[in-house]
Amino acid sequence: MSQGTLIVVAGPTASGKTAFSIRMAKALHTVIVSADSRQFYKEMQIGTAAPTSDELLEVKHYNIHNISINDTYTVADFEKETIALLEQLFQVHATVILTGGSGLFIDAVCQGIDPMPDITTEVRQKVGQQYREGGLSALQQAVQSLDPEYYASVDIQNPRRLQRALEICYQTGMTFSSFRKRQSEPRNFNIIKLALLWERDLLYDRIDRRVDQMMGQGLLEEARRLYPLRHLNALNTVGYKELFAFFDGQCTLEEAVAQIKLNTRHYAKRQMTWFRKDHGYNWFQPEAFEEALQYVHSKI
RNA sequence: GGUACCGUAGCUCAGUUGGUAGAGCAGAGGACUGAAAAUCCUCGUGUCACUGGUUCGAUUCCCGUCGGUACCA
């Protein structure tokens with residue numbers, strides 16, 4: 001079994017992960033695996049700031065534009081496929097780069113995710129209906145009686161968390177807690193974690209500029225093409241949902257663009273919260289590439 | 001020039017029948033194992049435009065000043 005090294009390049013949106021990773025991949029003569037929860041959708045290109053076709057030619061990328069927004073694709077699928085992929089890549093590369101802004105997806109690759117049964121559409125719909133009819137309190141009561149252990153620790157204001165727990169309860173007749181082992185899956189590769197560090201104001205400026213760039217590249221047209229599919233989960237995404245609101249007449253185009261910038265900043269903030277709490281990350285200024293490379297070499 | 005209304009948190013505004021004030025947004029911090037670019041939680045002291053008056057006490061009432069808006073000339 002190969003004992004390769006996975007180099008994680010994380011950071012908030014618009015922090016320059018793509019360029020940084022390409023440089024790193026070239027220096028190490030290897031490839032890039034994306035850990036981004038939107039860039040794998042082939043229908044969404046401009047709004048997800050996926051690598052450009054030129055960039056894709058520079059370095060071989062995986063997990064980019066390989067899924068359709070019509071597919072249901074979860075973190076668990078992502079973890080399974082990416083681990084299998086890494087297995088292959090480490091046959092030929094001593095190091096592989098994992099780049100992305102989705103903390104949950106990165107963690108799934110690095111630590112694994114507890115195996116859980118699939119949820120049928122019937123169960124999913126049942127839970128959805130329960131929420132629609134009974135509201136948050138109905139979910140809270142159900143979780144409290146079906147899985148008191150989870151109820152005691154979960155954020156009971158968060159309908160998503162409660163719904164997920166109920167889905168598992170209904171699907172299996174067992175508690176959600178009983179599946180949540182939260183044990184790290186041993187991986188047969190080493191992991192080095194890097195994150196890109198920006199001063200908040202500068203990052204926000206970059207976000208604003210990048211949104212303008214996206215509009216210049218035809219984000220409006222891309223969104224208009226996808227508008228008929230707007231109810232798909234994959235399209236509940238910054239850069240698209242705001243333009244859908246404009247198409248619906250809920251705001252002006254100018255307001256929609258401003259909202260994209262704002263929501264992107266909020267997203268970046270949440271990403272930083274996620275990465276900050278993981279003390280395994282080593283933070284580097286984007287211009288400190290050589291320093292980062294040196295650090296990587298010292299760890300391999 | 002006259003009249004009316006407005007001037008309160010970074011922004012939009014609410015409010016105090018006189019006892020020094022609070023929402024939304026922004027911003028900050030946080031949570032988060034199959035919808036995660038999703039979803040959710042926490043955090044609000046500011047010369048209540050300025051000056052003087054009435055009052056035990058004024059951001060609140062009154063006079064004036066300045067700024068804004070509207071209408072009339």
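Quick note on labels: first sequence line is chain A, next is B, and so on, each numbered from 1.
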Which nucleotide in [options] has an atom nearest any side-chain atom of [X]:
X: K277(A); options: rA31(B), rA36(B), rG27(B); result: rA31(B)
X: Y204(A); options: rA28(B), rC32(B), rG34(B); result: rA28(B)
X: D155(A); options: rA38(B), rC40(B), rA28(B); result: rC40(B)
X: N233(A); options: rA35(B), rC40(B), rG34(B); result: rA35(B)

Using a cut-off of less than 4.0 Å, is there contact between a side-chain N or O of [X] and OP1 or OP2 of [N]?
X: H266(A); N: rG27(B); value: yes
X: S102(A); N: rA36(B); value: no
X: R265(A); N: rA26(B); value: no
X: R160(A); N: rA38(B); value: no

* Asked: What about R161(A), does its side chain sit under 3.5 Å from the base of rA35(B) through a donor-acceptor pair?
  -> no
**Request:** State whether the distance check finds a donor on one side and an acceptor on the other, under 3.5 Å, for side chain K269(A) versus base rG29(B).
**Result:** yes
Basic-acidic side-chain contact under 4.0 Å: E290(A), R23(A): yes
Review point. So with a 6.0 Å cut-off around NZ of K299(A), is the heavy-atom count from everything else above 12?
Key: no
When rounded to whole Å, the CZ to P distance for the pair R38(A) and rA38(B) reads 7 Å
Any strand: nucleotide that pairs with [N] via Watson-Crick or wobble, under 3.5 Å:
N: rU3(B); value: rA70(B)
N: rU12(B); value: rA23(B)
N: rU47(B); value: none

Glycosidic torsion of rG34(B) (syn if within 90° of 0, anti otherwise) classifies it as syn
Check: How about Y295(A) and F284(A): are their ring centroids closer than 6.0 Å?
Finding: yes
